[in-house]
Visitor: 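Encoded as structure tokens, here's the structure I'll be asking about.
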Amino acid sequence: MAFPGTGKIWMNGSLVNWADAKIHVASHVIHYGSGVFEGARCYATPKGSACFRLDAHIERLLNSAKIYRMDTPHTASGLATAVLDTIRANEFRACYIRPIIYRGYEALGVNPFPCPVDVAIIMWDWAKYLGADSAEKGVDVKVSSWTRMAPNTFPSLAKSSANYANSALIKMEAIADGYAEGLALDSFGYISEGSGENVFLVRNGIVYTPPITASILPGITRDSVITLLRDMGYRIREEMVPRELLYIADEVFFTGTAAEITPVRTVDKIQVGNGRRGPVTEAVQRAFFDVINGEVPDAHGWLTYVYPEQAPLREPVKAGAAKSR
Ligand SMILES: Cc1ncc(COP(=O)(O)O)c(C=O)c1O
């Protein structure tokens with residue numbers, strides 16, 4: 001995925017050209033990972049462009065900033081308005097949205113307090129994260145030799161740039177070994193999450209997912225999937241999951257804004273179920289995209305429309321196909 005290098009980026013309240021959205025090399029965030037960020041999506045729905053769970057993403061962003069003692073003058077509603085304004089300024093029908101709050105340019109001691117808290121909102125076209133046909137065919141995954149952050153080291157509930165040093169190690173190892181993604185255990189040896197996704201397992205009709213105490217990011221897709229599965233009558237168990245349940249599960253799938261809902265077909269070269277997308281995975285994918293496609297009412301109020309006056313689009317979004325303009 002290469003950036004187009006055009007369009008507008010929101011920086012501290014102003015829209016600037018993509019090429020001019022620069023920070024100084026002595027900015028604190030570059031040296032010490034002192035940033036917190038979000039990843040959200042705007043979908044081209046039949047009723048017009050709509051952000052999926054924008055409020056939840058902004059809330060998590062501000063919570064991440066609070067954990068890292070970053071005070072920003074921007075309110076939740078101000079940031080949501082800034083996201084919508086930036087989509088409109090770029091005339092996107094669909095896009096990936098990346099707000100970031102970071103420690104900027106002032107001094108380079110470890111202490112971040114002297115450095116300003118800056119905010120930017122970047123957006124671009126980002127289609128299938130784990131491969132073009134991954135939503136149907138699934139992906140091959142390995143259990144990483146890297147462990148997720150232990151409790152009381154890096155806060156996993158904060159989506160901080162620093163946490164992604166660990167994610168990058170997991171991802172690089174997986175790619176170098178020929179897998180699409182790595183799945184990390186927590187420091188106690190229980191299943192935690194992928195480098196950029198939460199994970200669900202299905203066995204004998206029961207759905208399992210690690211709890212927030214398993215060093216996971218509390219995913220907004222994870223929360224949406226739990227809600228949809230409960231709506232459909234499934235039993236969900238948020239509990240510590242032993243590694244070996246991956247090998248004997250009927251289904252395993254990842255959830256995340258970038259990956260959406262992606263089946264896992266093998267773990268450590270052991271086939272999951274029959275090696276194809278399972279019925280629970282398919283049902284929850286359908287339920288998720290039914291909301292986005294307006295096939296069912298937006299019962300949980302997850303969609304924020306960007307252009308109120310926009311004419312309906314003819315093509316609905318297919319599962320796993322986040323279209324751009
Ligand atoms: C480490 C990690 N876990 C889980 C997720 C899924 O979170 P969400 O569904 O909010 O995108 C992400 C996505 O950003 C992630 O980076």
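All ligand and atom numbering here is 1-based and tracks the order in the structure.
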Visitor: In terms of the angle between their ring planes, are F200 and F253 parallel, tilted or perpendicular, with boundaries placed at 30° and 60°?
Guide: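 Rings of F200 and F253: parallel, under 30°.
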
Visitor: Among all protein heavy atoms in this structure, tell me which lies nearest to atom 7 (O) of ligand 1, with the distance rounded to 0.1 Å.
Guide: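 It is G219 CA, 3.4 Å.
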
Visitor: Kindly work out whether a path of hydrophobic side-chain contacts (I/L/V/M/F/W/Y, heavy atoms less than 4.5 Å apart) joins L54 to I220.
Guide: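 No, L54 and I220 fall in different hydrophobic clusters.
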
Visitor: Heavy-atom contacts with K159 under 4.0 Å: which atoms of ligand 1 show up? List them by number with element.
Guide: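 Near K159, meaning under 4.0 Å from one of its heavy atoms, ligand 1 has 13 (C), 14 (O), 16 (O).
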
Visitor: Counting N and O atoms only, with roles assigned by atom type, does the side chain of R41 sit under 3.5 Å from a partner on the main chain of A258, one being a donor and the other an acceptor?
Guide: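 Looks like yes, one N/O pair under 3.5 Å.
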
Visitor: Taking the six-membered ring for Trp, are Y43 and F288 parallel (under 30°), tilted (30 to 60°) or perpendicular (over 60°)?
Guide: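 Perpendicular, since the angle between the ring planes exceeds 60°.
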
Visitor: Is it the side chain (CB and beyond), the backbone, both or neither of A258 that lies under 4.0 Å from ligand 1, heavy atoms counted?
Guide: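 The answer is neither; A258 stays 4.0 Å or more away.
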
Visitor: Quick check: R60 and ligand 1, any N/O pair under 3.5 Å apart?
Guide: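 Yes: some nitrogen or oxygen of R60 is under 3.5 Å from one in ligand 1.
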
Visitor: Which one of G196, G256, P218 has a non-hydrogen atom at the shortest distance from atom 13 (C) of ligand 1?
Guide: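 Shortest heavy-atom distance from atom 13 (C) of ligand 1: G196.
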
Visitor: Could you check atom 11 (O) of ligand 1 against the protein and tell me its nearest heavy-atom contact, residue, atom and distance included?
Guide: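 Closest protein heavy atom to atom 11 (O) of ligand 1: T257 OG1, 2.6 Å.
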
Visitor: Does R148 reach ligand 1, in the sense of a heavy atom lying below 4.0 Å from it?
Guide: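 It does, in that a heavy atom of R148 comes within the 4.0 Å cut-off of ligand 1.
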
Visitor: Purely on distance, is any nitrogen or oxygen of Y164 under 3.5 Å from one on ligand 1?
Guide: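 For ligand 1, there is an N or O atom that lies under 3.5 Å from one belonging to Y164.
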
Visitor: Give a yes or no on this: more than 12 heavy atoms of other residues, nucleotides or ligands lie within 6.0 Å of atom CZ of F188.
Guide: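 Not more than 12 within 6.0 Å, no.
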
Visitor: Can any side-chain N or O of S64 pair as donor or acceptor with the backbone N or O of S160 at less than 3.5 Å?
Guide: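 Looks like no, no N/O pair under 3.5 Å.
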
Visitor: Look only at interatomic distance and state if L217 has a nitrogen or oxygen under 3.5 Å from any nitrogen or oxygen of ligand 1.
Guide: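 So ligand 1 has no N or O lying under 3.5 Å from an N or O of L217.
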
Visitor: Could you name the option among E260, R222, E193 that has the heavy atom nearest to atom 2 (C) of ligand 1?
Guide: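 Nearest option to atom 2 (C) of ligand 1, by heavy atoms: E193.
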
Visitor: Can W18 and F3 be said to form a ring pair (Phe, Tyr, Trp, His ring centres under 6.0 Å), step by step?
Guide: CA-CA 10 Å; W18 184 283; F3 292 119; 5.2 Å; yes

Visitor: Please indicate whether any nitrogen or oxygen in T221 is less than 3.5 Å from any nitrogen or oxygen in ligand 1.
Guide: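 Yes: some nitrogen or oxygen of T221 is under 3.5 Å from one in ligand 1.
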
Visitor: Please verify whether a non-hydrogen atom of S224 lies at under 4.0 Å from ligand 1.
Guide: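 No, that is not the case, since the closest heavy atom of the residue is not under 4.0 Å from the ligand.
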
Visitor: Taking the six-membered ring for Trp, are F37 and Y164 parallel (under 30°), tilted (30 to 60°) or perpendicular (over 60°)?
Guide: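 Taking Y164 first and then F37, their aromatic rings sit tilted (interplane angle of 30° to 60°).
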
